[in-house]
Structures are given as structure tokens and as C-alpha cells.
Amino acid sequence: MNSHKERISIKFHWNATVWIVTALVAVPFIVLWILTDAHLPGDWLKYLLAGIFLVVLIIVAGLMPLSLEADKAGVRLRRVFGSLVIPASAIVECRRIDNSYFEGSTKVFSIGKIKKSSNGRWYTMYATEFKNLVLVQTERMDYIFSCTKQDEFVEFVNGLK
């Protein structure tokens, strides 16, 4: 590890699947917004749909991971609505993983808390793509992040111990 490096920061890369799902969620709201004028009297439904869409959009955008950082204090996942912080003292292991880690798990979305049935541990996943995955393990929880600079990140985090 480069001894003069005090911090590492990696922006999340959003794959095509995330953009397609976003479009599939947004398009029905936009279509309903356009069609409410033609088929329903009054503006209340149009404004209700717009309000629901904006609230959902703000919540989802605020919880999306923006960057993964590590420094002497630990690992930090930056989001608009609060950061996830894993103190360096709590980190047991940091390593690269591949999709075989998920065998025996039920994963519904790429962000969420899921119980892995093969070893009974819970993991929380913040993955915007399912390649270049990094596992940060603590005593109580496993955290999985997508990370374009896996080797550099793992080396830096393991150097914190």
C-alpha cells in the first residue's frame, strides 16, 4: 500500500439495468400524468400523481449510493440522506468476492438487507452493478459494495487494521 495515501474515494458506476429499471418506473407516471387531462375531470388526480412521483423520486435519489470512501476512521458510503459509516475498529475483514457469494441467498434488489442462508449471516448490499464486488465484514454484519477499484480499496481497508 502507498503509505502517503490517507484516503480513498470511489464513485459508484450505475450499470444499464439500473437505468432501465428507473425508466420502467418513471414512464408509467409520466404517461398517467399526460393521460389524466384527456380522461379524467379535474386537476386533483394529476397533482396527486405528480406529488407521489416527486416524493418517490426524492426518497430514491436521496438513498442511492454516490461514493465509497475509506480513511483512518473507517469506511463510509456517501448518500444524500445520510452516510453509512463502518468504523475501522469494527472491520474484521475486507476482500473481493464474486457472484458465487450469493449462492443460497435471496436477493431481490441490489440495495437491501438480506439473510444469507448458507452461513446464516446478514448482509447489506450497496451494489450498482454485480461485478467488482467487495465484502467488508464486521462482527455483526457483512456489507457488500460494488467498487471499480477493488484491489486498491481492499488493500487500503486492510491496511487500517
Same cluster or not: [X] versus [Y], using hydrophobic residues (I, L, V, M, F, W, Y) connected whenever any side-chain heavy atoms lie under 4.5 Å apart?
{"X": "Ile91", "Y": "Val85", "result": "no"}
{"X": "Ile59", "Y": "Val80", "result": "yes"}
{"X": "Met141", "Y": "Val157", "result": "yes"}
{"X": "Met64", "Y": "Val56", "result": "yes"}
{"X": "Val134", "Y": "Val92", "result": "no"}

Which pairs, with at least one residue in residues 77-90 and sequence neighbours excluded, count as a salt bridge (charged side-chain N to carboxylate O under 4.0 Å, His left out)?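 Matches after skipping sequence neighbours: Glu69-Arg78.
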Test side-chain contact (heavy atoms from CB on, under 4.5 Å) applied to Lys11 - qualifying residues, sequence neighbours left out: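 By the side-chain contact (heavy atoms from CB on, under 4.5 Å) rule, Lys11 matches no residue at all.
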Is a salt bridge present between Arg76 and Asp71, judged by a nitrogen-to-oxygen distance below 4.0 Å?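 Asp71 and Arg76: salt-bridged.
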How far does [atom1] of [X] sit from [atom2] of [Y], to the nearest 0.5 angstrom?
{"X": "Met125", "Y": "Leu135", "atom1": "CE", "atom2": "CG", "result": "10.5 Å"}
{"X": "Tyr143", "Y": "Tyr123", "atom1": "OH", "atom2": "OH", "result": "14.5 Å"}
{"X": "Ile86", "Y": "Gln137", "atom1": "CD1", "atom2": "CD", "result": "11.0 Å"}
{"X": "Cys94", "Y": "Phe145", "atom1": "SG", "atom2": "CZ", "result": "9.0 Å"}
{"X": "Leu77", "Y": "Ser67", "atom1": "CG", "atom2": "OG", "result": "7.5 Å"}

Taking every non-hydrogen atom, the tightest pair across Phe156 and Ile8: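 Heavy atoms of Phe156 and Ile8 come nearest at CD2-CG2, 3.7 Å.
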For residues Leu133 and Ala127, report the shortest heavy-atom separation together with the two atoms involved.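 So the minimum-distance heavy-atom pair works out to CD2-CB, 3.9 Å.
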If we ignore hydrogens and angles and just use 3.5 Å, is the side chain of Asn132 paired with the main-chain N or O of Gln150 as donor and acceptor?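 Checked: no pair found.
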As a quick check of understanding, evaluate side-chain contact (heavy atoms from CB on, under 4.5 Å) for Val136 and Phe153, giving each step before the final call. CA-CA 10 Å; Val136 176; Phe153 185 80; 4.3 Å; yes
